[in-house]
Participant: 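One structure follows; several queries about it will come next.
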Amino acid sequence: QVQLVESGGGLVQSGGSARLSCAASGTIFSIDHMAWYRQAPGKQREMVAAITSSGSTSYEDSVKVRFSISRDSGKNTVYLQMNSLKPEDTAIYYCNVKVRHFPVGRGYDYWGQGTQVTVSS
């Protein structure tokens with residue numbers, strides 16, 4: 001079993017910055033990919049950014065030059081640095097990780113509880 005604890009977010013003015021953190025704990029042999037998703041009211045959940053175990057990153061087009069995802073493998077933690085925030089970035093942000101519990105076997109997906117980011121205009 002794995003627990004994810006998210007922090008950061010809150011109310012931010014348009015043009016401002018915020019940093020989200022997500023720390024994983026529990027029975028973890030390794031973590032494959034780590035990602036951030038978001039869900040705005042009335043919209044489907046969408047992937048915002050992802051990072052693989054080797055450090056390769058990918059971003060949703062609208063955040064590509066404004067957001068940066070990083071990970072600290074030693075702490076099993078993923079970060080999302082969000083700059084130049086816009087009102088349309090307002091959403092609940094969820095952390096997602098794929099964890100291998102043992103050296104062999106498949107990975108399992110886990111989700112954080114979500115953290116609200118509200119960008120005021």
Side-chain angles (χ1 to χ4, degrees):
Q1 193 69 300
V2 170
Q3 295 77 43
L4 299 178
V5 177
E6 300 174 5
S7 60
L11 179 62
V12 184
Q13 285 194 334
S14 181
S17 298
R19 189 188 194 215
L20 306 181
S21 301
C22 173
S25 62
T27 305
I28 299 172
F29 174 75
S30 65
I31 298 179
D32 292 345
H33 83 260
M34 308 180 86
W36 289 95
Y37 285 70
R38 67 185 178 187
Q39 187 166 19
K43 294 189 176 182
Q44 288 190 335
R45 190 175 296 189
E46 63 176 358
M47 193 200 77
V48 176
I51 185 167
T52 67
S53 57
S54 62
S56 296
T57 59
S58 57
Y59 297 91
E60 193 269 329
D61 284 345
S62 70
V63 308
K64 198 168 288 187
V65 296
R66 300 184 294 120
F67 291 9
S68 178
I69 189 170
S70 61
R71 64 188 285 174
D72 184 332
S73 296
K75 296 181 179 180
N76 291 330
T77 299
V78 62
Y79 306 95
L80 185 67
Q81 177 66 43
M82 304 183 291
N83 300 323
S84 302
L85 282 162
K86 305 176 180 180
E88 51 264 43
D89 294 318
T90 295
I92 299 175
Y93 284 70
Y94 297 91
C95 170
N96 167 254
V97 300
K98 176 165 277 188
V99 172
R100 294 184 187 272
H101 297 294
F102 305 103
V104 295
R106 71 177 187 90
Y108 293 84
D109 274 305
Y110 292 90
W111 291 87
Q113 78 282 4
T115 184
Q116 177 72 48
V117 174
T118 302
V119 184
S120 63
S121 57

Participant: Over all heavy atoms of both residues, which pair between R38 and E60 is shortest? Give the atoms and the distance, please.
Facilitator: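 Minimum heavy-atom separation between R38 and E60: NH2-OE1, 3.9 Å.
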Participant: Kindly compute the distance separating CD1 (I51) from OG (S58), expressed to the nearest 0.5 Å.
Facilitator: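 That separation rounds to 9.5 Å.
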Participant: To the nearest 0.5 Å, how far apart are OG1 in T90 and CD in Q116?
Facilitator: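 It comes to 7.0 Å.
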Participant: Are the side chains of D89 and M82 in contact, using a 4.5 Å heavy-atom criterion?
Facilitator: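 A side-chain contact under 4.5 Å is absent here.
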Participant: Measuring from atom OG1 of T52 to atom NZ of K98, what distance do you get when rounded to the nearest 0.5 angstrom?
Facilitator: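 Reported to 0.5 Å precision, the distance equals 13.0 Å.
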Participant: Do the non-hydrogen side-chain atoms of E6 and L20 ever get within less than 4.5 Å of each other?
Facilitator: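 They are not in side-chain contact.
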Participant: With a 6.0 Å cut-off (strictly less than), is the heavy-atom count around CD of Q13, excluding the residue itself, greater than 12?
Facilitator: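 Not more than 12 within 6.0 Å, no.
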Participant: Scan side-chain atoms only and decide if S17 and N83 contain a donor-acceptor pair under the 3.5 Å cut-off.
Facilitator: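 There is such a pair (donor and acceptor under 3.5 Å, judged by atom type) between the side chains of S17 and N83.
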Participant: Among Ile, Leu, Val, Met, Phe, Trp and Tyr joined by side-chain contacts under 4.5 Å, find the other residues sharing a cluster with Y94 and list them by chain and number.
Facilitator: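 Grouped by the 4.5 Å side-chain rule, Y37, M47, I92, W111 form the rest of the cluster around Y94.
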Participant: In terms of relative ring orientation, are H101 and Y110 parallel, tilted or perpendicular, with 30° and 60° separating the classes?
Facilitator: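 Aromatic pair H101/Y110 classed perpendicular.
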Participant: Verify, without hydrogens or angle tests, whether Y79 (side chain) and S68 (backbone) share a donor-acceptor contact under 3.5 angstrom.
Facilitator: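 Looks like no, no N/O pair under 3.5 Å.
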Participant: Look up atom CG in D32 and atom OG in S54, then write down how far apart they are to the nearest 0.5 Å.
Facilitator: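 Taking CG in D32 and OG in S54, the distance rounds to 10.5 Å.
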Participant: Going hydrophobic residue to hydrophobic residue with side-chain gaps under 4.5 angstrom, can you get from V97 over to F29?
Facilitator: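 No, V97 and F29 fall in different hydrophobic clusters.
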Participant: Minimum heavy-atom separation for T115 to G8, with atom names?
Facilitator: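 Here T115 and G8 meet closest at OG1-O, 3.0 Å.
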